Amino acid sequence: MPGSIQSIERAAVVLHFLGALSEPVPLGDVARMLALPKPTAHGILRTLCEVGFVVQERDTGRYALGTGLSRLGEALDPHLLRSRAVNWADGLAARTELEVQLGILTGQSVEVLHHVFRPDGSPQQLRVGELQPLHATALGITLLAFSPAAGRLHDLRLPAYTPSTPVTRIDLTRVVQQTFRRGWVLTDGTLRPGVAAVAAPIRHHIGIGVGALAVVGPRDRVIAAAGEPRAGIVDQVVAAADAISVHLQDRL
Amino acid sequence: MRAYVAAIDQGTTSTRCLIFDHHGRMVSVAQHEHAQHYPQPGWAEHDAAEIWRNTLRVLPEALADAGLSADDLAAVGIANQRETTVVWDRTTGRPLARAITWQDTRTADLVEDLNRGPHADLFREVCGLTPAGYFAAPRLRWLLDHVPGLERRARSGEIAFGTMESWLIWNLTGGPDGGVHVTDVTNASRTLLMDIRTLDWDQRLLDALDIPRELLPEVRPNAQVYGECVVGLPGVPIGGAFGDQQAALFGQTCFEAGEAKCTYGTGAFLLMNTGDQIPTSEHGLISTVAYALEGQAPVYATEGSIAVAGALVQWFRDSLEMIRSAPEIETLARRVEDNGGCYIVPAFAGLFAPRWQPDARGVVVGLTSYVTRSHLARAVLEATAWQTAEVVEAMAADTGINFARLKVDGGMTANHLLMQSVADVLAVPVERPLVAESVSLGAAYAAGLAVGYWPDLQGLRDNWHRAAVWEPAMSDALRRRERAAWDRAVERTLHWVHDDDVAR
Ligand SMILES: Nc1ncnc2c1ncn2[C@@H]1O[C@H](COP(=O)(O)OP(=O)(O)OP(=O)(O)O)[C@@H](O)[C@H]1O
Ligand SMILES: [Mg+2]
């Protein structure tokens, strides 16, 4: 097998071995059964524990397959994401006094998964379930920057909604790359004139973007005179998105 | 500067600590679930020692999460699962039996005897409740009868009884070492032992159940400094306690007669403030204390109690293993357009409001080979919506007040499909406040009021903001048809339990 990497092969063997057993096993058994030196077996098991594919029982020190492996093929359930996000989205709306939207990638669009009204008592409508264009919204641009699936959308159409909508691939790529570097994006009237938004990614395992969180509002409530987001808004959005990311790891 | 207030929400499934700022905005939350013990069909128990350990874990976690220390807290308030009954040894601090939870039906026979006996009317008159296995005192009686030596030791004053807030307050204030043994009026109003007018234990009721007074905590108003924490949050005053449903009513700032909310957690509970009027119900609602502030007349409420709401989702997850997390039920349910003709009536512990049928048990009806687990998921959610409709109707019939909208809170409000179906079956808009954790917010409000962190109720009202509204979108014809099918399904649950069935 030219070019194969021995440590990956061995890790696979260890995983198969653990998967074939119904009970956790001690290090010595793993090493003996697979004819590996103990330190090698130990190194492999430790690394697999760190990535969540193997767990070590606390009291016995024995090893077994971890849940990380079975979860590998599972997409994060969108409604679990919403449930985990509610408290933080509420807090974000309360602190910024802006409307909050949580979006996920659905086909070639952003789907609004969760929506919190601007807390000013004005009549508003729930936007949950609404589809928005990726290239013309802060949610969409954030998803394009952080979601692995969005990275493959080469045939995205880029219609103009306002004069500020990015309609060339170059413009869009520039703003997506900038978003990736900074970890947030500001859009100013890209979908509707006079409406601005700031968004940041919600990340799951190894930082993969599974959603985006945004505050949306009238331009002057979001943007300061110099064209930058008003003080504190970016920090609030990023902090809320990060808090949701952390709580996604909690037990179900 | 003590800039924050904490709340401990000791719920049926978990214990959490939330920290709020002056605007009533949540700044952090920590949560741990505890084990549910079902030693026999119909029994449901918690380990009070585990709950206390979890409390000691969530307090520092919530502080750390917000980068705060106990010195930043002006007060802590407690909200708790109501009616769950624990007895403990005052010297060792150890619980003497598993706590019997509010979902437990083991006292059914005892309560039946009580209702046939000479005291049934006295209970109704003094505490405003018809004896039911749902309340705490029959559980206490059961413990006295079944835990060896308990009865004798209870009379000598060595033992303490409490619902969860009493247990936590006693432990937080030092336990065997000077712990304060108190309860609040809302929890006490759910025991069957408190006079709903004087807000104190009634000797006649104690005698009727032969419960030694030495066991009982002192009954206190909801917002009052009961003591100072010596562990958990050292130095922080405990400024209030509340049964969770009354806490949510307070957290939703329903301070005026006619204001109501429904909280969707393990069960679902619709409460309406009735002001200084003690409601009497012709339709299976419970009269209860909404809150009592120090030096003020108590405020009352009428309550429609639904035993099984989120618990049905939990059952769908844990017992049927149809989903891995509760929120996934929405994903599953959205795969189909309707319930496919399937209805689930979760009378797991009999039917609660408005029917109060202890001999009912759950049914799944309308099964055909067409029905998939997605239809079952719909039926699970619709069960909560229809049960809400039943208690809303009962309340309207009792009070003459028709809801123009319904305020909701609790973990299940994250489920949009459910909230939409609640709006659909009620035919009124459903609205969620900016803090879905109204239970915790209510407890925090009580504690904050007690120490002057918030000056008055009006200030709290200004913290209420609408976060979402679901508008009804179901045709009248469909609503009528579905309602008729639901009613037929409910009929199928009645009188399932027979005398010769063993203890179910
Ligand atoms: N998205 C959802 N859809 C349906 N049910 C849900 C959802 N999220 C949570 N639940 C259900 O709601 C309940 C949790 O809500 P919450 O946290 O308000 O309850 P709780 O406070 O633990 O209840 P209690 O105070 O009675 O213990 C659980 O029973 C769970 O099954
Ligand atoms: Mg609760």
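Per chain, numbering begins at 1; letters A, B, ... match sequence-line order. Just so you know, these numbers come straight off a predicted model, no measurement behind them.
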State, with a plain yes or no, whether a side-chain heavy atom of [X] is found less than 4.5 Å away from one of [Y].
| X | Y | value |
| --- | --- | --- |
| B:M26 | A:D90 | no |
| A:R118 | B:H465 | no |
| B:R432 | A:V86 | yes |

For the [atom1] atom on [X], are there more than 12 heavy atoms of other groups (residues, nucleotides or ligands in this structure) within a distance under 6.0 Å?
| X | atom1 | value |
| --- | --- | --- |
| A:F180 | CZ | no |
| A:Q125 | CD | no |
| B:H22 | NE2 | yes |

Item to check | Contacting moiety of A:V116, where chain B heavy atoms sit under 4.5 Å | outcome: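 Both parts, backbone and side chain.
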
Taking all heavy atoms of [X] and all of [Y], pick out the closest pair and write down the distance.
| X | Y | answer |
| --- | --- | --- |
| B:L434 | A:A94 | CD2-CB, 3.6 Å |
| B:V27 | A:W88 | O-CZ3, 4.2 Å |
| A:V128 | B:H416 | CG2-CE1, 3.2 Å |
| A:R95 | B:R25 | CA-NH1, 3.7 Å |
| A:R82 | B:N415 | NH1-CA, 4.2 Å |
| B:T331 | A:H79 | OG1-ND1, 2.7 Å |

Item to check | Nearest-0.5 Å distance that lies between atom CD in B:E330 and atom CG in A:L80 | outcome: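 So the CD of B:E330 and the CG of A:L80 are separated by 11.5 Å.
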
Checklist entry - In Å, rounded to the nearest 0.5 Å, how long is the span from CG of A:N87 to CD of B:Q31? => result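 Between A:N87 CG and B:Q31 CD, I get 9.0 Å after rounding to 0.5 Å.
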
Item to check | Top contributor to chain A contacts, counting heavy-atom pairs under 4.5 Å, from B:G411, B:P433, B:A436, B:A467 | outcome: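 Most heavy-atom pairs within the cutoff with chain A belong to B:A467.
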
Item to check | Which portion of B:V435 sits near chain A, non-hydrogen atoms under 4.5 angstrom | outcome: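 For B:V435, the backbone is the part near chain A, not the side chain.
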
Item to check | Engaged part of B:T413 at the chain A interface, taking heavy atoms whose separation is under 4.5 Å | outcome: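 Contact with chain A involves no heavy atom of B:T413 at all.
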
Checklist entry - Is there a donor-acceptor pair under 3.5 Å between the side chain of B:R466 and the backbone N or O of A:P119? => result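 No: the side chain of B:R466 does not pair with the backbone of A:P119.
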
